[in-house]
Amino acid sequence: ALITDVRSDTFKLLPKRYPLVILAFIGLLFLGLFIAIGLHPIVGVVVFGVPSAILAVWVTGQIRHEFMRQFAERNHFIYAEKADSGRITGWFTEYGHSHIFQDLVIGHYSEREINLGNYQYTTGAGKHQQTHTLTVCKILFPYSVPHLYLNCHAGVGSLDFSHPRGLELI
């Protein structure tokens, strides 16, 4: 089945592609309820909640990978589930540790090489550790251009074209 939206298609594809995940979820629900009734509610929530959250993250990741693979295939691009994080440069590569580049799509459009994927890095340590995920698009030009940071979370219907270090682009 063609995936057009990872968020909405996850629930559509779940029964078709991952019926065992649904059975595991239902089993964990009943096990959690029995433990909550018999022992302690918090133990029941932990027995149900933690594995259910892990299953949800895993299934969503699998569907996201499939979405990017289908996108690459339909556009005659190359897809790699994981790639060398050195393939992308920019301000975000200078921070943190544990740099990972996933769902890499490589292709050409209008005679320009395009690299598109999800870049993840971690800052801090211990309880102050935070993971940052960015969708990155690299377009190669035959001349020098500044790095742009498009912040779609700046507001509904607006893009923030500012540089993340506070520099304005002219």
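What you see is a predicted model; the values in this text were computed from it and never measured.
For His108, there are no ring-ring contact (aromatic ring centres under 6.0 Å, His included) partners at least two apart in sequence or on another chain. Qualifying ring-ring contact (aromatic ring centres under 6.0 Å, His included) partners for Tyr109, counting only residues two or more places apart in sequence or in other chains: none.
Interatomic distance, CZ of Phe71 versus CZ of Phe77, reported as 6.0 Å (0.5 Å rounding). Interatomic distance, CG of Asp103 versus CD of Glu81, reported as 6.5 Å (0.5 Å rounding).
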Please assess Phe141 against Arg112 for the test side chain to side chain contact (heavy atoms under 4.5 Å, CB included), listing each intermediate value before the final yes or no.
CA-CA 7 Å; Phe141 290 96; Arg112 305 254 188 265; 3.3 Å; yes

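Checking side-chain atoms of His97 against main-chain N and O of Gly124 turns up a donor-acceptor pair under 3.5 Å.
Side chain to side chain, Gln70 and Glu66 meet the donor-acceptor criterion of an N or O pair below 3.5 Å.
Put simply, Ile63 and Val57 are part of two different groups of oily side chains (I, L, V, M, F, W, Y) that touch within less than 4.5 Å, one to the next.
Nearest heavy atom pair, residue Tyr79 against residue Ala72, reads CB-CB, 3.7 Å.
Residues Tyr119 and His99 are in side-chain contact: their nearest non-hydrogen atoms beyond the backbone lie under 4.5 Å apart.
Checked against Leu104 for a side chain to side chain contact (heavy atoms under 4.5 Å, CB included), the options Leu116, Asn115, Ile78 give a single hit: Asn115.
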Check: residues 129-136 side-chain donor-acceptor pairs under 3.5 Å, at least two apart:
| unit_1 | atom_1 | unit_2 | atom_2 | d |
| --- | --- | --- | --- | --- |
| His132 | NE2 | Thr123 | OG1 | 2.8 |
| Thr135 | OG1 | Asn118 | OD1 | 3.0 |

